[in-house]
Participant: 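Submitted below is the structure of interest, expressed as structure tokens.
Residue numbers begin at 1 in each chain, while the letters A, B, ... track the order of the sequences.
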Amino acid sequence: MTRAILILAASAAVCSGAALAQTPLETAVKAAYLYKFGGFVEWPATAFPTAESPAAICLVGADPFGALLDQAIRGQRIGGHPVTVTRLDRVDKGSPCQILFVSPSPRQPVAEALERVRGAPILTVTDGGADGASRGVIDFVLRDNRIRFRIDSKTAGEDGLSISSKLLSLAVKP
Amino acid sequence: MTQAAASTSRRRTRSTVVAAIAAFALVLAGLLVAAYNEGAFKAQATREAQVQADILAASVTAALAFDDEGAAQEYLNALRANPEVEAAGLYASSGALLAGYRRSAGQVLPVRQIKPAAANSEGHIIVGAPVIQAGEVLGSVYLRTAAEPLSGRILRYAAIGLLGVMASLVVVVLAVFNAGQRRANRALGEANEALRLQIEQRQKAEEALRQSQKMEAMGQLTGGVAHDFNNLLMVASSGLDLLDRTADPARREVLKGAVRQALDRGAGLTRQLLAFSRRSPLKSTVVDLAAQIEGMRVLLDRSLREDITVRIETAPDLWPVEVDAGQLEVAVLNIAVNARDAMPSGGTITIRVVNRPDQEIEELDGDFVELSVTDTGKGMSAETIQRVFEPFFTTKDVGKGTGLGLSQVYGFTRASGGDARIMSEPGKGSTVALYFPRSTNALAEPVEEAAPTAPLQAPAGYRILLVEDDDAVAAAVGGMLSELGYRHVRVANATAALEALESGEAVDLVFSDMVMPGVIDGVTLAQSIRARWPELPVVLTSGFSEAADTASREGWRLLAKPYRIDALAAELAAARAEASAKR
């Protein structure tokens, strides 16, 4: 499991420009992963009011994806729910999110935003958190030039989330 | 013999053919089973491979979704545990190979995703499975397994074939064994039948031997009996002569008594001789030895020589023994004849019967009754004593004895559970002692026939039809009937008797001899009369013991010849009483 490696090539289109534009490619891969995580996570039934309620991917703080994310989720579904993207300034327990990508922002620091949603059934995702307090349930890391992720299954369990062992097996040790 | 051998070989051929057919059928069945198994096995192997591919596809969804080549490789490498998997590949939805596994370097793996056409190329099973995550096809799995190699399959079917051959071998062995058993059974049955026949023949021979021993013993007496009869006839003849010459009533009475006595003795003697010579089956009954020996007194007294005295001493309260009465008489007679021959110049034969409690006789132990016959003759040497019970051993001259007498004695006592011993010294006489084990059974009570009561004198006008072929006897019997007050009409044979009855001859009773010339004998006549005139009483008479036996077996009234007028009167009175009771 520790040897889990992520391949950069998310799509043929992205692959062609991989060598030249490292950063946009990274961002594109992360955008794709963001909604793919949803297939390997189970939310409590209370997280979705109805079967047709959307699965919302929320962004708080600086938005690194821009249109890439909107393109990536187009037509996708998580557990049968249509996927939406919501950009927020601030979040708390009541925020209507299933997946929350937290970026540093002057209006709400990462650690604070994470603290606000603790206990809510929200899959928090961060990018290269410096310490435990500033890392979400899933935290992107770069290993061997590939994008991989840590998983904090303890916090996930406390938040009422159930993460598939298939996903857990790909995680790198924190 | 040749026929038997030919049929045996035919049987063998037949059983071999049957076994061969059975073996062929078994092998054929085995092949069919193998063919079916082959198909079933392939389908099973394909299903197993498909399941494996499906499991693999389900396991690698995350690895494929997140392009984790290493994790995917790890899943594929886990297939190493299954030696049948030759190669496996994980392909992205674009068709590019993401990760692959090859058991050995020689195995090939498609570089691009191909459609697994469920192709079962020789020796391989190839299956594929899509990798689906949340309804989206992420890629596919390719799996190739090795089917069981041909050599392995052949080996498997060879095992089945071997089983078939072994089964047919068992069939052959069983068939051969069965044939052998049948032959043995048949041989056993034949041997059994032969044995049964031999036993039957032997029983007949033994019976004939017993009878001939009896007749031989009697033959030994013939001279004595004839002599005795001469004496009796002499007494009777001279008595009649003297009766003619004297008128003195007292003297006549004495003469008549002597003649009567002589005739009674003669009658008793012939009766015993006839009873003795009767052919009878061997049958042990509880007998009183004293009574048996006493019953032989007349025979022994009269049939041995005049210069020999017979003394019979029986102890009181003798225990009963279980023997065949006829054989006992033969044995006693045989010993007595031997004793007589041992005393050419006369002497005494003493027959003694005593109880012998707590004896050990040979292997036997317990209470015995001893019957000993002692003579005052010349005795025997020790060598003779040793051989005296052997069959055909005799010291007598040729034509005087067969040497079977004492062997009969020995055989009889052993058969009765006892033993025979002989004690003798030259010049001091001999003693033959027979030991019979005491019987715990009670003596059969002699059946006293309730004598029917009727006046001995005939009722007035009572007519009897007398059937008798001998004129002298008919005259004598006729005289007795008249004396008793009966009227009678005589016919000479049974046919004439039936004719007389049919013609309406009024008679009250038929008194018939049994053995007569003519086609009908007395018993048949009696049966005819009973059938047609059931109320007409019939009394039979005969001097032949066997005929008498037949009559009494069938329940006819019988008067044994010779009889006296008192017996005739009693028998006729009894017949009359029975007839009137029936009416």
Participant: Check whether B/S59 gets within reach of chain A through its side chain, its backbone, both or neither, counting any heavy atom under 4.5 Å.
Facilitator: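 Interface part for B/S59: backbone (N, CA, C, O).
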Participant: To the nearest 0.5 Å, what is the distance between CD (A/Q76) and CD (B/E136)?
Facilitator: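 With rounding to 0.5 Å, CD (A/Q76) is 5.5 Å from CD (B/E136).
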Participant: Minimum heavy-atom separation for B/A65 to A/Y33, with atom names?
Facilitator: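 Shortest heavy-atom contact: O-CE1, 4.3 Å.
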Participant: Check each atom of B/S94 against the heavy atoms of chain A and say whether the ones under 4.5 Å are side chain, backbone, both or neither.
Facilitator: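 Interface part for B/S94: neither.
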Participant: Given a strict heavy-atom distance threshold of 4.5 Å, which part of B/Q73 is in contact with chain A: side chain, backbone, both, or neither?
Facilitator: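 The answer is neither part of B/Q73.
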Participant: Roughly how far, to the nearest 0.5 Å, is CZ of B/F66 from OG of A/S169?
Facilitator: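 Taking OG in A/S169 and CZ in B/F66, the distance rounds to 10.0 Å.
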Participant: Kindly give the heavy-atom pair with the smallest separation between B/A62 and A/L167, and that separation in Å.
Facilitator: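 Scanning both residues, the minimum pair turns out to be CB-N, 4.0 Å.
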Participant: Atom OG1 in B/T61, atom NZ in A/K36: separation rounded to 0.5 Å?
Facilitator: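 One finds 11.5 Å between OG1 of B/T61 and NZ of A/K36.
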Participant: Can a donor-acceptor pair be found, under 3.5 Å and without considering hydrogens, that links the side chain of A/K166 to the backbone of B/A58?
Facilitator: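 Yes, A/K166 side chain to B/A58 backbone: donor-acceptor pair under 3.5 Å.
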Participant: If you draw a 6.0 Å radius around CD in A/E42, do more than 12 non-hydrogen atoms from other residues or ligands fall strictly inside?
Facilitator: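 Open: at most 12 neighbouring heavy atoms sit under 6.0 Å from CD of A/E42.
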